[in-house]
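Notes for the one structure printed next.
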Amino acid sequence: MTQPKVRVRFAPSPTGYMHLGNARTAIYNWLYARHHGGSFVLRIEDTDRERSTQGAVEVIYEAMRWLGLDWDEGPFLQSERFELYRRRAEELVASGAAYRCWCTPEELEQRRQQALAEKRNPKYDGRCRDRKEPRPGVEPVIRFRTPDTGETVLEDRIQGRVVTPNEELDDLVLLRADGAPTYNFTVVVDDHEMGVTLVLRGADHLSNTFRQLHIYRAFGWEPPAFAHQSLILGPDRAKLSKRHGAVSVLQYRDEGYLPEALVNALVRCGWSHGDEEVFPLPRLIELFDLPAVGNAPAIFDFEKLRNKYNAEHIKLAPRERLAGLLCETLARRGDANLQADDPRLGLLVDGLRERSRTLLEMADGAKPLLAEEVAWDAAAVRKHLKSDAAEVLRALADRLEAAPSFGREAVLAALDGLAAERGAKLGKIAQPARVALLGTAVSPPIDVVMAVLGRDRVLARLRAGAERAAAG
RNA sequence: GGCCCCAUCGUCUAGUGGUUAGGACGCCGGCCUCUCACGUCGGUAACCCGGGUUCGAAUCCCGGUGGGGUCGCCA
């Protein structure tokens with residue numbers, strides 16, 4: 001009756017960056033925990049002292065924070081738990097489930113090559129299984145004794161029932177010659193010690209699971225449930241990796257993506273809910289669960305992330321949040337230095353969110369409206385600042401100058417009034433005005449442009465534009 | 001190569017024996033419109049192949065093909 005509390009974990013190894021595939025695994029685990037009211041554990045698998053650095057660990061924390069994946073327990077560092085693993089390994093040696101092996105890496109490599117050449121399974125041949133006497137000058141490793149016969153069954157929560165013959169498995173190393181534990185051992189010890197109820201990870205760990213199952217059995221431990229999600233592939237259909245580029249989570253932050261958009265896109269890579277595609281975070285927590293996770297590998301669609309998910313989430317985000325983000329982006333790129341409460345920021349967000357797929361595009365769009373100097377686009381000038389525009393611009397300037405206020409409504413009323421008076425379409429006035437104001441024929445709506453520029457600048461530029469038109 | 005997994009438009013996917021095979025991104029065209037966008041309407045495009053089972057298969061079974069993963073003192 002009493003179900004144990006759901007406890008899942010994300011257990012990355014510090015490689016120096018957070019990969020999209022890892023990020024999806026973290027997201028799935030986090031959503032699973034939040035959906036089921038369980039606990040989310042962060043564990044750093046830094047047993048390989050060669051590769052692990054403090055900086056690499058910080059990158060993981062930073063990526064997790066940016067994505068909004070808060071953990072309830074940890075972070076636990078495996079590098080701080082070596083004594084525990086050593087003790088556990090000795091337990092297995094004592095019970096006969098594991099043994100010391102004095103074969104050297106060189107010997108093993110040689111045998112592997114030979115086996116491959118003879119088209120045999122290159123697995124460890126088990127020659128130290130019954131050896132008791134040490135080899136002088138060789139520090140032994142501790143190996144796990146895997147059954148030679150029979151088969152191992154895994155009831156995977158995503159992949160379904162998977163069966164592997166035990167003869168495919170070899171006696172894996174638990175403890176290296178230098179006493180450091182290996183992944184396949186620490187993962188079992190920790191998932192047990194930490195009370196993990198479901199191991200939700202990438203399918204690249206599927207074949208490891210069978211070896212790990214035997215370790216659980218040797219300890220007499222009840223294994224957790226397992227769920228292996230199929231991998232994210234690159235456009236070439238190979239496992240997504242560094243060489244595909246654009247694979248680091250924080251790179252997306254720097255390129256102007258919203259974390260909830262990346263989360264949305266990543267979740268949708270393998271999980272779906274009917275025809276629904278855009279999910280705010282609370283909605284994901286409400287809906288996400290294992291039965292709707294598919295088991296076919298998926299190619300990550302970078303274009304759709306930008307065109308759909310990020311664009312949609314930019315439309316959904318609160319104005320204040322985007323204003324803050326836009327302010328940071330402008331400052332970071334050296335485009336403009338605005339105070340966080342500058343009223344122009346909100347105006348810019350209103351005018352630009354529907355025409356920006358990323359914050360970078362939004363900054364691109366904002367930049368001309370904030371520049372002190374007009375950057376003239378020759379084609380736009382040629383097309384819209386012809387001599388007959390001079391009089392129109394002057395009339396508009398006069399009208400605006402006489403207007404009682406300079407709000408967006410008042411400005412629009414002036415434009416409309418002038419157009420009506422002359423029986424002209426609004427475009428006949430707005431386009432020359434746009435070019436006079438910004439130097440370009442493309443921009444947010446003219447009322448937003450004027451509101452951002454402000455009365456004085458608008459009048460000055462309109463009149464300067466008129467002179468340019470008259471001269472041109 | 002052994003073992004394991006997978007297979008619906010180019011891509012992400014809906015679909016759980018009977019549908020004109022749906023949605024989304026992309027692409028093409030119309031409408032809207034002060035530009036660009038947004039929005040909207042329409043179009044383009046898929047059930048890998050071959051056998052079964054069945055009155056009937058995208059859906060179930062088998063085989064093939066193709067793709068992926070994995071075979072470390074990496075994780």
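Chain naming here is simple, since letters A, B, ... match the order of the sequence lines and numbering starts at 1 in each.
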query = Looking at S207(A), does any N or O in its side chain come under 4.0 Å of the phosphate oxygens OP1/OP2 on C4(B)?
reply = no
ask   = Which nucleotide, in any strand shown, forms a Watson-Crick or G-U wobble pair with G29(B), with both distances under 3.5 Å?
value = C41(B)
note = Result for 5'-nearest mapping on RNA chain B, choosing between V138(A) and L231(A), is L231(A)
request  = For F300(A) and G68(B), give me the distance from atom CZ to atom P, rounded to whole Å.
outcome  = 20 Å
ask   = C73(B), C6(B), G23(B): which one has an atom nearest the side-chain heavy atoms of P105(A)?
value = C73(B)
Mate of G66(B) where both pairing distances stay under 3.5 Å, Watson-Crick or G-U = C6(B)
remark   = Rounded to whole Å, the CD-P distance (Q110(A) to G72(B)) equals 16 Å
ask   = Within a strict 4.5 Å, meaning less than it, do heavy atoms of the E193(A) and R88(A) side chains meet?
value = yes
message = Measuring from the side chain of E277(A) (C-beta onward, heavy atoms only), which nucleotide among C6(B), C25(B), A24(B) has the closest atom?
response = A24(B)
inquiry  = Taking pairing as Watson-Crick or G-U wobble with both contacts under 3.5 Å, can you name the mate of G1(B), or confirm there isn't one?
reply    = C71(B)
Distance in angstrom units between L266(A) CG and U11(B) C1', rounded = 15 Å
inquiry  = Only pairs with both distances under 3.5 Å count, Watson-Crick or wobble alike; so what is the partner of C36(B) in this structure?
reply    = none
query = OP1 or OP2 of C6(B) less than 4.0 angstrom from a side-chain nitrogen or oxygen of R237(A), does that happen here?
reply = no
message = With a 4.0 Å cut-off on N to O distance, would you call R283(A) and E277(A) a salt bridge?
response = no
key: Sidechain N-carboxylate O distance under 4.0 Å for R100(A), E139(A)   = no
query = Taking OP1 and OP2 of C73(B), is either one under 4.0 Å from a side-chain nitrogen or oxygen of T104(A)?
reply = no
query = Thinking salt bridges, do D171(A) and K123(A) make one under a 4.0 Å N-O criterion?
reply = no
P atoms of U19(B) and U11(B), separation to the nearest Å = 26 Å
inquiry  = Just so I know, are the side chains of H214(A) and N166(A) near enough to count as touching, which here means a heavy-atom distance under 4.5 Å?
reply    = yes
query = Which whole-number value in Å describes the distance from L426(A) CG to U35(B) P?
reply = 8 Å
inquiry  = Any residue in residues 440-447 of chain A with a heavy atom nearer than 4.0 angstrom to RNA chain B? Just list them by number, or reply none.
reply    = A441(A), V442(A), S443(A), P444(A), P445(A), I446(A), D447(A)
note = 5'-most contact on RNA chain B (nearest-nucleotide basis), N184(A) vs G294(A), goes to G294(A)
task = Considering only atom P, compute the distance from C55(B) to A46(B) and round it to an integer number of Å.
result = 31 Å
note = In whole angstroms, the gap separating P of A37(B) from CZ of R434(A) amounts to 12 Å
Selection from U35(B), G39(B), C6(B) that lies nearest to any side-chain heavy atom of R355(A) = U35(B)
task = First locate atom CZ of F10(A), then atom CD of E45(A), and finally report the distance between them rounded to the nearest 0.5 Å.
result = 9.5 Å
message = Heavy atoms from C-beta onward define the side chain here; which of A7(B), G68(B), C25(B) lies closest to that of K239(A)?
response = G68(B)
note = Y17(A) OH to A75(B) P, in whole Å, measures 16 Å
task = Considering just the side-chain nitrogens and oxygens of K308(A), establish if one lies under 4.0 Å of OP1 or OP2 belonging to G26(B).
result = no
ask   = Considering only the C1' atoms, how many Å lie between A75(B) and U16(B), rounded to the nearest integer?
value = 37 Å
ask   = Pick one: which of D46(A), D48(A), D190(A) meets side chain to side chain donor-acceptor pair (under 3.5 Å) with Q78(A)?
value = D190(A)
key: Pair E107(A) + R112(A), salt bridge at N-O below 4.0 Å   = no
task = Using the C1' atom as the reference point in each nucleotide, state the distance between C48(B) and U59(B) in Å, no decimals.
result = 16 Å
ask   = In the structure shown, which nucleotide is the Watson-Crick or G-U wobble counterpart of A24(B), with both distances under 3.5 Å?
value = U11(B)
request  = Using the P atoms only, state how far A57(B) lies from G50(B), rounded to an integer number of Å.
outcome  = 14 Å
message = Do K308(A) and D301(A) make a side-chain contact, defined as non-hydrogen atoms from C-beta onward lying under 4.5 Å apart?
response = no
key: Any K315(A) side-chain nitrogen or oxygen under 4.0 Å from OP1 or OP2 of A37(B)   = no
key: Selected nucleotide, minimal atom distance to K304(A) side chain, candidates A24(B), A7(B), C73(B)   = A24(B)
inquiry  = Counting the atoms with a prime plus P, OP1 and OP2 as sugar-phosphate, which does A177(A) contact under 4.0 Å by heavy atoms, base, sugar-phosphate, or nothing?
reply    = base
query = Taking the side chain of D275(A) as its heavy atoms from C-beta onward, which of G68(B), G23(B), C12(B) lies nearest to it?
reply = G23(B)
message = Between A24(B) and C5(B), how many Å separate the two C1' atoms, rounded to a whole number?
response = 27 Å
query = Any salt bridge between D148(A) and R129(A), counting N to O under 4.0 Å?
reply = yes
ask   = Base, sugar-phosphate, or nothing: which does H205(A) touch, judged by heavy atoms less than 4.0 Å apart?
value = base
key: Nearest-angstrom distance from the residue atom CG of D416(A) to P of U33(B)   = 13 Å
key: Base G69(B) to side chain D204(A), donor-acceptor N/O within 3.5 Å cut-off   = no
ask   = Checking all strands, does G365(A) fall into the base, sugar-phosphate, or nothing category for heavy-atom contacts under 4.0 angstrom?
value = nothing
request  = Would you mind classifying the nucleic acid contact of E168(A) as base, sugar-phosphate or nothing, using non-hydrogen atoms under 4.0 angstrom?
outcome  = base
key: G72(B) phosphate, OP1 or OP2, under 4.0 Å from R112(A) side-chain N/O   = yes
note = Side-chain atoms of P165(A) come closest, of G23(B), A75(B), C3(B), to C3(B)
key: Under-4.0 Å side-chain N/O to phosphate OP1/OP2 contact, N295(A) with C6(B)   = yes
Nearest-angstrom distance, C1' atom, C47(B) to G22(B) = 13 Å
U8(B) and A14(B), which share atom name C1', separated by this distance in whole Å = 10 Å
query = Taking the six-membered ring where the residue is Trp, are the ring centres of H205(A) and Y183(A) under 6.0 Å apart?
reply = yes
note = Of the listed C5(B), A75(B), C73(B), the closest approach to the D48(A) side chain comes from A75(B)
ask   = With a 4.0 Å cut-off on heavy atoms, is V163(A) in touch with a base, just the backbone sugar-phosphate, or nothing at all?
value = sugar-phosphate
ask   = Contact class for V162(A) (heavy atom, under 4.0 Å): base, sugar-phosphate, or nothing?
value = sugar-phosphate
ask   = Could you give the CG-to-C1' distance, from N307(A) to C27(B), as a whole number of Å?
value = 12 Å
